[in-house]
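Here is the naming used below: chain letters follow the sequence lines, and residue numbers restart at 1 for every chain. What's counted below: heavy atoms across the whole structure, side chains too, no hydrogens, waters or symmetry copies.
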Protein chains: 2
Amino acid sequence: MPTIIDVAKRAGVSFKTVSRVFSGEDYVREETKMAVLKAARELDYKVNVSARTLRAKRSNKVVLIGSNPSPNYRNLFQLGALSACQDAGFDLVLKSEFDESEIQKLVLSDKPVGIVLLPPASGEISILNSLEALGVPVIRVGAYPETGSGGYCIYIDDDAASFDITQVLIQAGHSAIAFLSGPLSQLHAQKRKDGHLRALQSAGISPKEDWVLEGNFDFKSGFALADKLLSSKERPSVIIASNDEMAAGCLAAAYKNNLRVPEDLSIAGFDDSPIAQVIYPPLTTIHQPVKEMAIEAIKLLDVVNRKKETGNAAIKLDYEVKLRGSTKFIETTT
Amino acid sequence: MPTIIDVAKRAGVSFKTVSRVFSGEDYVREETKMAVLKAARELDYKVNVSARTLRAKRSNKVVLIGSNPSPNYRNLFQLGALSACQDAGFDLVLKSEFDESEIQKLVLSDKPVGIVLLPPASGEISILNSLEALGVPVIRVGAYPETGSGGYCIYIDDDAASFDITQVLIQAGHSAIAFLSGPLSQLHAQKRKDGHLRALQSAGISPKEDWVLEGNFDFKSGFALADKLLSSKERPSVIIASNDEMAAGCLAAAYKNNLRVPEDLSIAGFDDSPIAQVIYPPLTTIHQPVKEMAIEAIKLLDVVNRKKETGNAAIKLDYEVKLRGSTKFIETTT
DNA sequence: ATCGTTTATGACAACCTTGTCATAAAAGCA
DNA sequence: TGCTTTTATGACAAGGTTGTCATAAACGAT
């Protein structure tokens, strides 16, 4: 493997200049830069990450902490993050849970480029604070800038998305609408509920208290709650779940109760995770650009890494209502 | 952060001796070793991986190449590999696909501890050969020692597992059995089919040609094939799919065709991936110890890494038939 | 023309570990 | 005993990069 010195010789400059080119330092003439890059290309030079890390006391690791209960969401995010990391030359290190002392050790010994937090960890202020104290850039996915003082946030407008999907279902002729929220201690779960209620209100529908239930973002709670809803006398015509896992649970409960979807019951989810299309009928849901969020997260870290200073920013991405087979359009007799 | 030198001072030995202790070299008195470890503990010393990698020209990266079409299988394996890597002090680098030139570059520049291949890449001899030529240890998951000359194999007996689940269903009273195989170019897909046919034969059931179909290990092909099976005149009483994704597709097709599972149709899968319990009814399937396979894979690499030499071995793990709600036991009127 | 500032480049040390070689003590053997 | 071999430890260099400092040229302002 060629080193910086080989490239320097070939380009006729000092090895320090080559270093400058590859570490993105200033003060290299455009002409010199080109010559260096040409020489590097000819030799197929690759920077030695270990040496760089050793000297610069900064690794190329990105730590992804994913304690999200939905494996589909996690998996999708990982995939996006993975390819973005490959492009940026970062190593993706996965941690399944947030363990303060472990992370602290990791940060101190490895000096990672940054830490990406998935919900619900991304919403916990105590976590944010302890990471900021370590001076490591933090990207919070699915968290809002109004929570916590700093860090970088990447999010969608959960409130508006929930409003939209509810509105669409109302326009489809539904009025007996049940809603399964996530744990309300999580801000995005709360926002999804808020948006839903707002849509009901603006349509003049008063929410039935028994039909707004709190789940846990997983299949099991979705199944249990929907089973309860469907086995009682008065049934909703549609259940909106706050994520796709819970929606899958609703679907299961429907079949258990001998109801056909969407003929007897409509179901909607949230996330558009892979599971949405691996069940029958495919799920009406909110498409969240999870992969794009991952890519933005890594891009952000790349910028922060180059600038060598931490700041803060918030990126709001667009969502999309996906109408699929799990919801029925009721003919309104006008 | 303390270095090897700090530890050496505290323990009253040379830094080289400390290095010996941490890199597992021979020729350190037990007594000295203990003193070093004590000093290291007191200082909370951690080896600097970059420095080690730089000097030893060997990284602590494990490359996991997962081109498996079942995201659930991949995800589960990743999780197991991840925690095992953390224990062993390895970094897990994920690659979604096998790209010969990319991998070659990676091996040459990073000198990874080893490469873990998931199916179907693990079964392709050309891949194995090109990796062996690079001299990097290869762990093949779901591949058989009889394929290819070397490397390390971790697998289950697909033939026997398929035999067993088929036999269980026959004993449950089924005789109209359809089977969806994976792509027969993949050896484990072929074995699952073989085991199935063997079980039919040993029960004196002659397989219907139209009921043994080749799918692609994904939801879509499972759905399409089952839809075809179920919309024809003569229906099987059970469909055995070669993995859970395809079984989920069968379930969807059943609902589409207005059939109740398991009342009108039984379904069985293979893998016991998370999806098996996130559908309704939960899937009768073969539990594959995917996490254990991942852990074994990393353990193997750890051993190989310490010995600094590549050999070969094969580890066969146990499977288990999981009977769940998706299959019906037919009362036999004796 | 002179001086201060910015731009561009180089020389050299430092980062922390492992590899190589040297050396001394202990053990094995004739 | 005297010799070779094994065990145990240390001194020192090397690995490829970036940080620091020095220096020279180019530029701008007086």
Which atom pairs link the protein and nucleotides 20-26 of chain C when you take only N or O atoms and keep those under 3.5 Å?
none

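- Taking 4.0 angstrom as the limit, A:Y27 places none of its side-chain polar atoms (N or O) nearer than this to OP1 or OP2 of C:dA8.
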Could you run down the sub-3.5 Å N/O contacts of the protein with nucleotides 15-17 of chain D?
unit_1	atom_1	unit_2	atom_2	d
D:dT17	OP1	A:Y45	OH	2.4
D:dT17	OP1	A:N48	N	3.3
D:dT17	OP2	A:I4	N	2.6

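- Direction of the helix axis in the helix from C:dA1-D:dT30 to C:dA30-D:dT1 shifts by 20° between the two five-pair termini, rounded to 10°.
- At a threshold of 4.0 angstrom between heavy atoms, the contacts of A:T32 are confined to the sugar-phosphate backbone, with no base atom among them.
- Side chains of B:L94 and A:L94 form a contact here, defined as non-hydrogen atoms less than 4.5 Å apart.
- Counting heavy atoms from C-beta on, the side chains of B:N75 and A:R74 come closer than 4.5 Å.
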Pair B:E124-B:R140, salt bridge (Lys or Arg N to Asp or Glu O under 4.0 Å): steps then yes or no: CA-CA 10 Å; B:E124 289 177 31; B:R140 297 188 292 151; over 6 Å; no
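- The line from OH of A:Y155 to CG of A:L317 is 9.5 Å long, rounded to the nearest 0.5 Å.
- Side-chain N or O atoms of B:S273 include none that pairs as donor or acceptor with a backbone N or O of B:Y73 at under 3.5 Å.
- In this structure A:E30 satisfies the side-chain contact (heavy atoms from CB on, under 4.5 Å) test together with A:K33, A:M34, sequence neighbours excluded.
- Across the protein-nucleic acid pair, B:D26 atom CG and D:dA8 atom P stand 9 Å apart, rounded to whole Å.
- Atom CD of A:E30 is separated from atom C1' of C:dA8 by 13 Å (rounded to the nearest Å).
- Between B:T17 and the phosphate of D:dG10, there is a side-chain N or O to OP1/OP2 separation shorter than 4.0 Å.
- Rounding to whole angstrom units, CZ of residue B:R58 and P of C:dC16 are separated by 21 Å.
- Protein atom NZ of B:K33 is 12 Å distant from nucleotide atom P of D:dT9, rounded to whole Å.
- Residues that satisfy the side-chain contact (heavy atoms from CB on, under 4.5 Å) test with A:T3, not counting sequence neighbours, are A:I5, A:D6.
- Note that NE2 of B:H287 is 10.5 Å distant from CG of B:D318, once rounded to the nearest 0.5 Å.
- Rounded to an integer number of Å, the gap from CZ of B:R29 to P of C:dA27 is 11 Å.
- Every side-chain hydrogen bond (donor to acceptor under 3.5 Å, both in side chains) that A:R10 has, sequence neighbours left out, goes to A:E42.
- Summarising the geometry, atom OG belonging to B:S59 is positioned 8.0 Å from atom CG belonging to B:D91; distances are rounded to the nearest 0.5 Å.
- Atom CD in A:E292 sits 9.5 Å away from atom NZ in A:K299 (nearest 0.5 Å).
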